[in-house]
A.B. asks: 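This is the structure, below, for whatever I ask next.
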Amino acid sequence: MPYNNVLSEELDGILLITINRPTKLNALNTETIEELSAAFSEAEEDKDIKVIILTGSGEKAFVAGADISEFAHFSEEKGKMLAADGQELLFNLIENLNTPVIAAVNGFALGGGLELAMSCHFRIASENAKMGLPEVSLGVIPGYGGTQRLPQLVGKGRAMEMIMTAGMINAEQALAYGLVNHVTPLEELIPFCEGIAKKIMRNSSVAIGAAIMAINANYKKGVNGFQVEIDQFGKCFGTDDFKEGTSAFLEKRKAEFPGR
Ligand code: COA
């Protein structure tokens, strides 16, 4: 399906989703959030897609934030709805997808842009990337999960400092913080992500979906992650992927997972 602000391109099981508003540094307006939501939902339904890479168009920005021009005049009630709708429609959707999502952070990832990258399962940054949650400099706080996911990833003290100062950190600092897993030159960013995607794709997609669910359970209030792990572990035993994976090991051959 064609979108105005989102490009998607599939190659050999890897879907590259590109946020495409380069003249606005890929800022997230409502239309872009809706289109991304649709693109991710569509990808989750497509069993041929094994890994999704999310990036921004151009060489300057992943996403420079929520579109400030769109919400500058909002009331309290509309502000609350903006955060609630966005979280449900896109950020929580991505975090809970069965299909692995890698954020390829190719420049500024600020505000909603960093929140978007943080809702992905993990992040790779290019050397020019700059990350921050500058919302308090606008008189507001992060509203797309940033106050929750940043401390999960970098620890409470660093999150407090980043949010209070509204400052930016560079790729090396983000790597030291554990906010991104690797840093590459800009031109190698997508090939590097594709290399990781190919490693992921050798494994059982069903087991990977179960692992994502169990890992995420650790961060959900009122959910016992150990119990989710036990349940998902048990479920794996009923899958064709488990039969294939264990048989292939015992027969000393490479597994060909059916993805069921
Ligand atoms: N919302 C809306 N428009 C945005 C935007 C945002 N978050 N971030 C950038 N843009 C727009 C600019 O308004 C400008 O549009 P224009 O050319 O029509 O005036 C265009 O993108 C280019 O940005 P510009 O500021 O000229 O680029 P720069 O290289 O001088 O600065 C940034 C880059 C990222 C430092 C700067 O754009 C910025 O601070 N953006 C806002 C970051 C932010 O606070 N995000 C959190 C939002 S909650």
Side-chain angles (χ1 to χ4, degrees), residues 3-7 17-37 54-95 103-120 123 125-154 158-174 177 179-180 183 186 189:
Y3 300 111
N4 290 328
N5 304 321
V6 171
L7 304 170
I17 298 183
T18 305
I19 302 144
N20 189 32
R21 289 185 84 206
T23 58
K24 296 291 174 191
L25 302 185
N26 305 320
L28 295 176
N29 59 2
T30 307
E31 185 183 44
T32 306
I33 288 185
E34 286 170 358
E35 290 185 355
L36 281 170
S37 176
L54 176 65
T55 197
S57 71
E59 301 197 338
K60 198 168 164 185
F62 174 73
V63 169
D67 192 319
I68 298 168
S69 66
E70 217 180 44
F71 64 71
H73 59 281
F74 274 13
S75 64
E76 270 182 48
E77 196 49 41
K78 282 188 87 174
K80 196 171 169 182
M81 272 170 56
L82 181 75
D85 292 348
Q87 287 193 18
E88 188 186 325
L89 203 59
L90 184 59
F91 297 77
N92 296 349
L93 173 81
I94 294 177
E95 184 171 68
V105 180
N106 59 313
F108 289 113
L110 301 174
L114 181 56
E115 291 173 298
L116 185 62
M118 291 194 295
S119 72
C120 298
R123 289 142 293 284
S126 55
E127 286 163 348
N128 63 319
K130 290 225 163 63
M131 284 158 260
L133 293 180
E135 285 86 348
V136 298
S137 70
L138 299 166
V140 66
I141 66 167
Y144 290 144
T147 63
Q148 307 304 299
R149 292 191 183 100
L150 188 63
Q152 288 170 4
L153 287 163
V154 306
R158 286 167 173 163
M160 285 280 189
E161 183 181 337
M162 282 178 69
I163 291 172
M164 286 180 199
T165 60
M168 292 183 208
I169 59 172
N170 64 23
E172 280 309 316
Q173 209 169 350
Y177 277 16
L179 186 52
V180 303
V183 176
L186 181 59
L189 180 62

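Numbering of ligands and ligand atoms starts at 1, following listing order.
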A.B. asks: Please say whether I68 places an N or O atom under 3.5 Å from an N or O atom belonging to ligand 1.
C.D. replies: yes
A.B. asks: Heavy atoms of the protein only: does one fall short of 4.0 Å from atom 2 (C) of ligand 1?
C.D. replies: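 Yes, there is one.
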A.B. asks: I want to check something: taking the side chain as every heavy atom from C-beta on, are E115 and V63 in contact at a cut-off of under 4.5 Å?
C.D. replies: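 Counting from C-beta outward, E115 and V63 never come under 4.5 Å.
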A.B. asks: So, does N29 sit close enough to ligand 1 that a heavy atom of it is under 4.0 Å from the ligand?
C.D. replies: no
A.B. asks: Step by step, work out the side chain to side chain contact (heavy atoms under 4.5 Å, CB included) result for S37 and L93.
C.D. replies: CA-CA 8 Å; S37 176; L93 173 81; 3.9 Å; yes
A.B. asks: If I take atom NZ from residue K78 and atom CZ from residue F71, how far apart are they, to the nearest 0.5 angstrom?
C.D. replies: 12.5 Å
A.B. asks: Can you find an N or O of P134 that's nearer than 3.5 Å to an N or O of ligand 1?
C.D. replies: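 Among all N and O atoms of P134, none is under 3.5 Å from an N or O of ligand 1.
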A.B. asks: Please check if a non-hydrogen protein atom sits closer than 4.0 Å to atom 45 (N) of ligand 1.
C.D. replies: yes
A.B. asks: Please check atom 16 (P) of ligand 1 for a protein heavy-atom neighbour under 4.0 Å.
C.D. replies: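 Protein heavy atoms within 4.0 Å of atom 16 (P) of ligand 1 - there is at least one.
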A.B. asks: Measure the spacing between CD1 of I17 and OG1 of T55 and express it to the nearest 0.5 Å.
C.D. replies: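 Nearest 0.5 Å value for the CD1-OG1 distance: 11.0 Å.
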A.B. asks: Under 4.0 Å from atom 34 (C) of ligand 1, is there any protein heavy atom?
C.D. replies: yes
A.B. asks: Between the side chains of T18 and N20, is a donor N or O closer than 3.5 angstrom to an acceptor N or O?
C.D. replies: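 Note: T18 and N20 side chains miss the donor-acceptor criterion.
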A.B. asks: Find all atoms of ligand 1 within a distance of less than 4.0 Å from any non-hydrogen atom belonging to L110, and give their numbers and elements.
C.D. replies: 34 (C), 42 (C)
A.B. asks: At less than 4.0 angstrom from any non-hydrogen atom of D67, what atoms of ligand 1 do you find?
C.D. replies: 1 (N), 2 (C)
A.B. asks: Side chain, backbone, both or neither: which part of T23 comes within less than 4.0 Å of ligand 1 when only heavy atoms are counted?
C.D. replies: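 Backbone only; the side chain of T23 stays clear of ligand 1.
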A.B. asks: Got Y177 and I169 here, is their nearest side-chain heavy-atom distance under 4.5 Å?
C.D. replies: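 They are in side-chain contact.
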A.B. asks: Is the shortest N/O to N/O distance between K24 and ligand 1 below 3.5 Å?
C.D. replies: yes
A.B. asks: Does atom 42 (C) of ligand 1 have any protein heavy atom closer than 4.0 Å?
C.D. replies: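 Yes, at least one protein heavy atom sits under 4.0 Å from atom 42 (C) of ligand 1.
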A.B. asks: Between V105 and A129, what is the shortest heavy-atom contact and its length?
C.D. replies: O-CB, 3.8 Å
A.B. asks: Looking at atom 39 (O) of ligand 1, tell me if a protein heavy atom falls under 4.0 Å from it.
C.D. replies: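 Protein heavy atom within 4.0 Å of atom 39 (O) of ligand 1: absent.
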A.B. asks: Is the shortest heavy-atom distance from the side chain of L54 to the side chain of I19 under 4.5 Å?
C.D. replies: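 A side-chain contact under 4.5 Å exists here.
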A.B. asks: Strictly inside 4.0 angstrom of atom 28 (P) of ligand 1, do you find any protein heavy atom?
C.D. replies: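 At least one protein heavy atom is under 4.0 Å away.
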A.B. asks: Below 4.0 Å from ligand 1: does a non-hydrogen atom of G112 turn up there or not?
C.D. replies: no
A.B. asks: Just which atoms of ligand 1 are under 4.0 Å from any heavy atom in K60?
C.D. replies: 27 (O), 28 (P), 29 (O)
A.B. asks: I'd like to know whether CD of E70 has more than 12 heavy-atom contacts from other residues, nucleotides or ligands below 6.0 angstrom.
C.D. replies: yes
A.B. asks: Quick one: look up the protein heavy atom nearest atom 23 (O) of ligand 1 and list residue, atom name and how far away it is.
C.D. replies: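 Here the closest protein heavy atom is L25 CD1, 3.6 Å.
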A.B. asks: Could you verify whether a donor N or O on one side chain and an acceptor N or O on the other, from E31 and N5, lie under 3.5 Å apart?
C.D. replies: yes
A.B. asks: Which heavy atom of the protein is the closest neighbour of atom 5 (C) of ligand 1, given with residue, atom name and distance?
C.D. replies: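 Going by distance alone, atom 5 (C) of ligand 1 is nearest to A27 CB, 4.0 Å.
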A.B. asks: Measuring from atom CZ of R21 to atom OG1 of T23, what distance do you get when rounded to the nearest 0.5 angstrom?
C.D. replies: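 Reported to 0.5 Å precision, the distance equals 7.0 Å.
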A.B. asks: Is it the case that atom CD in E88 sees more than 12 heavy atoms from other parts of the structure closer than 6.0 Å?
C.D. replies: no
A.B. asks: Verify the contact flag for atom 8 (N) of ligand 1, where contact means a protein heavy atom under 4.0 Å away.
C.D. replies: yes
A.B. asks: Would A64 count as a polar contact of ligand 1, with the cut-off being nitrogen or oxygen pairs under 3.5 Å?
C.D. replies: yes
